[in-house]
Amino acid sequence: MPIPACPVVHFELPYRDAARVSAFYQTVFGWQLQPMGPEMGNYILATTSTCDSSAPDALRGSVNGGLFPLVPESPLQQPSVVLGVPDVREAMARVSAAGGQVLGEPMAIPGVGDYVVFVDPEGNRLSMLQPLMG
């Protein structure tokens, strides 16, 4: 069975100071930032574009993301891309079989889907997301 293409669907960046990082990306790049509060780990959603259209002059391939508080004692606190997968458990098995390492179990993000972090064989931190359908 062929492996489905898994596009980049999200990015993540660590931060030390929420106000400073928010002001920077809003001022320099015009991103819309939405703090999610302590109940969501002080994550900040980053909307880089509100459109992804096939119109001749429209933005294409836009990817939105988020910012997370840096936790110095945690491993791999670095920028990351999130790959969309149709089945997170199958993708986890492929990561392990190909020499990568899955870090923990999938976390259910309410209204979004199942998310898990992994490390590729070169030591790069990435994540996978099985989006909710509908």
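Computed from a prediction, not measured in an experiment: that's the story for all the values here.
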To the nearest 0.5 Å, what is the distance between [atom1] on [X] and [atom2] on [Y]?
| X | Y | atom1 | atom2 | answer |
| --- | --- | --- | --- | --- |
| Leu67 | Arg16 | CG | CZ | 13.0 Å |
| Asn42 | Met36 | CG | CE | 11.0 Å |
| Met40 | Ile109 | CE | CD1 | 6.5 Å |
| Asp17 | Tyr15 | CG | OH | 9.0 Å |
| Asp87 | Arg94 | CG | CZ | 8.0 Å |

Do [X] and [Y] come close enough that some side-chain heavy atom pair is under 4.5 Å?
| X | Y | value |
| --- | --- | --- |
| Pro69 | Pro14 | no |
| Leu33 | Tyr25 | yes |
| Met128 | Val95 | yes |
| Met107 | Asp114 | no |

Original post:
Any side-chain donor paired with an acceptor under 3.5 Å for Asn64 and Thr47?
Top reply: no
Original post:
Cut-off 3.5 Å, side chains only: do Gln130 and Tyr115 have a donor facing an acceptor?
Top reply: no
Please report the closest heavy-atom contact between [X] and [Y], naming both atoms and the distance.
| X | Y | value |
| --- | --- | --- |
| Leu126 | Asn124 | CD1-O, 3.4 Å |
| Gln78 | Arg125 | NE2-N, 3.1 Å |
| Val9 | Gly84 | CG2-N, 3.6 Å |
| Val63 | Thr48 | O-OG1, 2.8 Å |
| Pro106 | Met92 | CG-SD, 3.6 Å |
| Gly100 | Pro121 | N-CG, 4.2 Å |

Subject >> Same apolar cluster: Phe24 and Leu70, side chain cutoff 4.5 Å >> reply: no
**OP:** Check whether Leu103 and Leu129 end up in the same hydrophobic cluster, where Ile, Leu, Val, Met, Phe, Trp and Tyr are linked by side-chain heavy atoms less than 4.5 Å apart.
**Re:** yes
**OP:** Identify, with sequence neighbours excluded, every residue that meets ring-ring contact (aromatic ring centres under 6.0 Å, His included) alongside Phe118.
**Re:** none
Original post:
Could you go step by step and tell me if Ile44 and Gln34 meet the side chain to side chain contact (heavy atoms under 4.5 Å, CB included) rule?
Top reply: CA-CA 5 Å; Ile44 302 170; Gln34 178 185 0; 5.8 Å; no
**OP:** Any chance you could lay out the side chain to side chain contact (heavy atoms under 4.5 Å, CB included) test for Ser127 and Glu12, step after step, and finish with the verdict?
**Re:** CA-CA 9 Å; Ser127 306; Glu12 295 182 316; 3.8 Å; yes
**OP:** Please report the C-alpha distance between Val81 and His10 in whole Å, then the side-chain angles of each, then the deciding distance to 0.1 Å, and finally whether the side chain to side chain contact (heavy atoms under 4.5 Å, CB included) criterion is met.
**Re:** CA-CA 6 Å; Val81 296; His10 191 77; over 6 Å; no
